[in-house]
Amino acid sequence: MGIEINGTASGAAPRPGQCLRTFLREQGNTGVKKGCDGGDCGACTVHVDGTPVHSCIYPAVRAEGRSVTTIEGLAGTAGGPLHPVQQQFMERQGFQCGFCTAGMVMTAASFDDAQKDNLPRNLKGNLCRCTGYRAIADAVCGHPGHPDPEGPGSGIAGEGQPDPAPGRLGDDVPAPASRAVVTGAARYTLDLPKEEQQGLLHLKILRSPHPHARVLSIAKDAALNVPGVVAVFTSEDAPEQLFSTAQHELFTDDPDDTRVLDDVVRFIGQRVAAVVAESVAAAEAGVRALQVEYEELPAVFSPQEALLPGAPLVHGDKDAVKARISRPERNVVAELHSELGDVAGGFAGADFIHEQTYQTQRVQHVALETHAAIATVDDDGRLQVRTSSQVPFLVRRTLCRVFGLEEDRVHVVAGRVGGGFGGKQEVLTEDLVALAALKLKRPVQLELTRTEQFTATTTRHPFTIKLKAGAAKDGRLTALQLDVVTNTGAYGNHGPGVMFHGCGESLAVYKCANKKVDAQSVYTNTVPAGAFRGYGLSQMIFAIESAMDELAAGIGMDPLEFRRRNMVREGDHMLSTQPQPEEDVLYGSYGLDQCLDLVRDALDRGSERYRQAGLEDLGPDWMVGEGAALSMIDTVPPRGHFAHARLRLLPDGTYQADVGTAEFGNGTTTVHAQLAATALSTEASRVAVRQSDTDLVEHDTGAFGSAGTVVAGKATLEAAEELAVRIRAFAAGIRQTQASACVLDGDAVVVDGTRVALAELAQAAEEAGVDLAAEGRWGGTPRSVAFNVHGFRVAVNRGTGELKILQSVQAADAGVVVNPRQCRGQIEGGIAQAIGATLYEEVVVNDDGKVTTDILRQYHIPTFADVPRSEVYFADTNDTLGPLGAKSMSESPFNPVAPALANAIRNATGVRFAQLPIARDRIYLGLKEAGLVPAEAGAVR
């Protein structure tokens, strides 16, 4: 019996032990995604005889004689009407990166009305890391979309912004890839047509079982004798060139401490050897057949121990100057020591002093598309790389540097990327597939497993922050002193940048004459840390914003009023660790005061709603409180962030925009189309965006640091404005009139009252040998600042430690909001991810240096049931530095959430929780230590 797939009998038979997911993908159904291969995420959901199943754990042989429907076949005929659920996901934009969407749609398509009424239960098997689930709920249930919340700031406004036309600035323009995403046609990294998979080899990695060891020998023969194995690569085959997996405009921002394959391993999970074979199974068998002799070396697992004299050295073999490591002889990657004013005098003048050690944990990005790349060498000898990356141009530069290639000999493309959050601002797969492809002259693919994501990629940097802060009775902040130690793990990728950035805006947002910071980024023999949403700010803001509430309590002042008295105002110097402000960071606009007002008003209205509904008193076991926190972020990373864009009028009268920035749920494709459409007085649907391809434009630093709108968007806007000038000038020339008499309008130019179709102009330009195209560039400076304020109302059960979030509200200063629905979705997604990082997410490393939370069911990311509906408000600002008044709003919504929640819990219970995550058992133990647990509850436990 065969397997019927989307109404057609498959002529193929599954291999013994094959799961249905891989079988379906081999038959060309690439809409079936891999997010876990453990039945945890739901990205692979299909219907078997109408019943949704997780195909990654469903044996393919069980589908024989059955009818299987994938996302490609849900609507019936290709190109025909969509299934109602697909249509709703498209209309409500129930996705961001879209990698989970096919599975979500397949699950929801099976729901009856009763199941729709209980989405927390019925969507528990489908995870989304991007959206925060609100848009998904609207799509599943067919709601009209998220209504504007009540109160001021609930709409979208920008002073001086034009009235939005369809598809221009301020409109809820749908993502151009919407239909492709909901039908499974969107091409992510490994979604190759069957014909492009001919001759594809697969690479798998042997990883270190030791936290620190020297590789003495590797016996390859047994592996090479495994049928299907083509090659084995070790450190003997790898370039000697040291580099950093971290990617920045200046590669010198990170230490050169990494080799493609090294003969010294420094954490459990590090690459030891790579096996390339005709199939994944053969490559895995080859890995198991390798025999390695190690010399185990002393290891160190905590940064505090690593700083002690005589501690094992993680990179003691490195030259400090050549590798750009501050003090390898003491395991210090980078350090910062600064004092502004007289800190001792500031504390002497304080009426209240707060001292506390705050700790933040490792957090994994959990982008549902794992790291993956394919490399091949074309007939001209040019290296071609397709990768899941936020930074394709920087990947090209790194590959050229490591392998000694010229840039024109390397071509890097990022398809649609299934989530990033900073984790794909690295080179973690591309170097290995490039090594294999260059050696073998055949296409080679590497796809990391979910366990490899946890154990062998990167995490958020854990911070330990010893804080001391003082305040006077009049509410004046008198001194801030911080001793910061960050754990960068076994390699220093992003270690310096995260440390410096964390100690930046978190301090600069407050006026305080006396500030002292001592910070060190420290090597340990643990899984490396890297770039993560917020880039060090969320960790520091957790400590500083918690301290602001403690200071306010200590002097008897309202916490928000205390912030108002100390936060920077427009025109104030923004000082963190240097006596002078950064020259290129300016107040392009200022909305922090509005954000505080919006959150205060929303919390007050929420309290009134609870009172009127009789829900204010939850009973004697529940303690209710509220808290808030603020954050500031520079809208562009420092030290250069560059973008180049091209726009062209096409023969049919539409436009083509070529940009370098990547799309991974950040919405840049939509924003670039809207910016161009606004400048060209047309609709976004008439602008086709091509992107993240190193052959399209000269250079783009990449989609990190929230630069997709304010840097790459600035280049696109400049190109569109110049193209508009050229089109009007050409139209004026052929009609023998002035350019001022020519006005762009949709698909035409109105010349002295007469419409001339753009297609007609394009034809005339071609005949005249005129190229109606333009280019734009932006260098990322000067930079503005954006603000976010978050507030929570919570209830805490004194007998169990259970936490209920009663109200969640965030106000954002995003400047003129280009796409309100999309921007709101970014904020909701950031809130959801931050709630997970605050309450339960933690990459646990045991006493031997091994990650023990290495699958999704051991690492709890927020599910539908975990995420409250957040109210989102926007300040009314118009940024003078951003494109058409816009600011960045991708990273910053994450940053104030943890301290706001901790402050709400403190307000409810009187207990300060200074260590993340604030899990339920930690809350219970904290309440018990404070004497708040009823005797009968403690006795039961």
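All figures in this text were calculated on a predicted structure; none of them were measured in a lab.
- Side-chain polar atoms of S178 and Q93 form a donor-acceptor pair below 3.5 angstrom.
- No side-chain donor-acceptor contact under 3.5 Å links S685 and E683.
- Counted by atom type alone, E4 and S67 present one or more donor-acceptor pairs between their side chains at under 3.5 Å.
- Note: Q453 CD to T370 OG1 = 5.0 Å, rounded to the nearest 0.5 Å.
- Not one N or O on the side chain of R21 forms a donor-acceptor pair closer than 3.5 Å with the backbone of I57.
- Donor-acceptor pairing under 3.5 Å is lacking for the side chains of T853 and E841.
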**Request:** Check the pair I835 / D866 against side chain to side chain contact (heavy atoms under 4.5 Å, CB included), numbers first and verdict last.
**Result:** CA-CA 9 Å; I835 287 174; D866 296 319; over 6 Å; no
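- Within the 4.5 Å cutoff, the side chain of V182 has no heavy atoms near those of the Q87 side chain.
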**D138 and R869: CA distance, side-chain angles, deciding distance, salt bridge (charged side-chain N to carboxylate O under 4.0 Å, His left out) verdict** = CA-CA 12 Å; D138 289 343; R869 282 218 173 195; 3.1 Å; yes
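- Under the 3.5 Å distance criterion, the side-chain polar atoms of T668 are matched with a main-chain donor or acceptor of A662.
- A pairwise comparison of heavy atoms in G418 and F99 identifies CA-CB, 3.9 Å as the closest pair.
- At distances below 3.5 Å, not a single donor-acceptor pair connects side-chain atoms of Q247 with backbone N or O atoms of V391.
- Shown here for T694 and P392, the closest heavy-atom pair between the two residues is CG2-O, 3.8 Å.
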**Request:** List the steps, then state whether side chain to side chain contact (heavy atoms under 4.5 Å, CB included) holds for H371 with S388.
**Result:** CA-CA 6 Å; H371 285 78; S388 180; 5.9 Å; no
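- Screening R129, R416, R187, K424 for a salt bridge (Lys or Arg N to Asp or Glu O under 4.0 Å) involving E369 leaves a single residue, K424.
- Between D431 and L399, some side-chain heavy-atom pair lies under the 4.5 Å cut-off.
- Looking at R396 and D695, no side-chain N of the basic residue comes within less than 4.0 Å of a carboxylate O on the acidic one, giving no salt bridge.
- Between T45 and V53 there is no side-chain heavy-atom pair separated by less than 4.5 Å.
- Residue Q425 comes nearest to A531 through the heavy atom pair OE1-CB, 3.6 Å, listed as atom of the first residue, atom of the second, then distance.
- For the pair E196 and R386, the salt-bridge criterion is not met [side-chain N within less than 4.0 Å of a carboxylate O].
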**Request:** Could you please spell out the steps behind the side chain to side chain contact (heavy atoms under 4.5 Å, CB included) verdict for Q96 and E828?
**Result:** CA-CA 11 Å; Q96 286 181 23; E828 290 169 340; over 6 Å; no
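- D49 places no side-chain N or O within 3.5 Å of a backbone atom of R66 that could act as its donor or acceptor partner.
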Pair up each side-chain donor or acceptor in residues 274-286 with any protein partner under 3.5 Å, not counting sequence neighbours, and list the distances.
residue: E278; atom: OE1; partner: R442; partner atom: NH2; Å: 3.1
residue: E278; atom: OE2; partner: R442; partner atom: NH1; Å: 3.0
residue: S279; atom: OG; partner: A282; partner atom: N; Å: 3.1

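- For D191 (side chain) and Y188 (main-chain N/O), a donor-acceptor pair under 3.5 Å exists by modelled atom type.
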**Message:** M106 vs T69, test: side chain to side chain contact (heavy atoms under 4.5 Å, CB included). Steps then yes/no.
**Reply:** CA-CA 9 Å; M106 294 305 294; T69 304; 4.3 Å; yes
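- Atom SG of residue C19 and atom CZ of residue R25 lie 10.5 Å apart, to the nearest 0.5 angstrom.
- Counting only heavy atoms from C-beta outward, the side chains of L190 and I374 approach each other to under 4.5 Å.
- Using a distance-only test at 3.5 Å, with no hydrogens or angles considered, no donor-acceptor pair links the side chain of H365 to the main chain of R533.
- At a threshold of 4.5 Å between non-hydrogen side-chain atoms, the residues T661 and F704 do not count as touching.
- Between L24 atom CG and I71 atom CD1 the span is 13.0 Å, to the nearest 0.5 Å.
- C41 SG to M104 CE: the interatomic distance, rounded to the nearest 0.5 Å, is 9.5 Å.
- If you check the side chains of D378 and H411, you find no donor sitting under 3.5 Å from an acceptor.
- A donor-acceptor pair under 3.5 Å is formed between the side chain of T451 and the backbone N or O of D854.
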**Prompt:** After noting the C-alpha distance and the side-chain angles of T457 and Q364, does the key distance pass the side-chain hydrogen bond (donor to acceptor under 3.5 Å, both in side chains) rule?
**Reply:** CA-CA 9 Å; T457 59; Q364 231 288 325; 3.2 Å; yes
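- Looking at heavy atoms from C-beta onward, L856 lies in side-chain contact with F454 at the 4.5 angstrom threshold.
- Nearest heavy atoms, G415 versus S692: O-OG, 4.4 Å.
- Of the possible donor and acceptor atoms, none in the side chain of Y859 sits under 3.5 Å from a partner among the backbone N and O of V843.
- With 3.5 Å as the limit, one finds a donor-acceptor pair spanning the side chains of T669 and Q691.
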**Request:** Kindly indicate, with the supporting measurements, whether the criterion side-chain hydrogen bond (donor to acceptor under 3.5 Å, both in side chains) is fulfilled by Q822 and T670.
**Result:** CA-CA 9 Å; Q822 184 171 278; T670 318; 3.2 Å; yes
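- Summarising the geometry of G269 relative to R207, their closest heavy-atom pair is O-NH1, 2.9 Å, with the distance given to 0.1 Å.
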**Asked** Checking side-chain hydrogen bond (donor to acceptor under 3.5 Å, both in side chains) for the pair S890/N666: CA distance, chi angles, key distance, verdict?
**Response** CA-CA 7 Å; S890 292; N666 51 349; 5.9 Å; no
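- There is a side-chain donor-acceptor pair under 3.5 Å between E426 and T245.
- Using a 4.5 Å heavy-atom cutoff, the side chains of I5 and F23 are in contact.
- Taking 4.5 Å as the limit, some side-chain heavy atom of C130 sits within range of a side-chain heavy atom of F421.
- Here the straight-line distance linking atom CD of Q86 with atom OG1 of T183 works out to 6.5 Å at 0.5 Å rounding.
- More than 12 heavy atoms of other residues, nucleotides or ligands shown are found within 6.0 angstrom of CZ on R382.
- Put simply, the side chain of T429 never gets that close to the backbone of L446: no donor and acceptor are under 3.5 Å apart.
- For R821 and D171, the salt-bridge test fails: no basic side-chain N is under 4.0 Å from an acidic carboxylate O.
- Here D117 contributes atom CG and D112 contributes atom CG; the two are 9.0 Å apart, rounded to the nearest 0.5 Å.
- Between T458 and G530, the shortest heavy-atom distance links the atoms CB-N, 3.8 Å.
- In this structure, the side chain of Q390 engages the main chain of A703 through a donor-acceptor pair within 3.5 Å.
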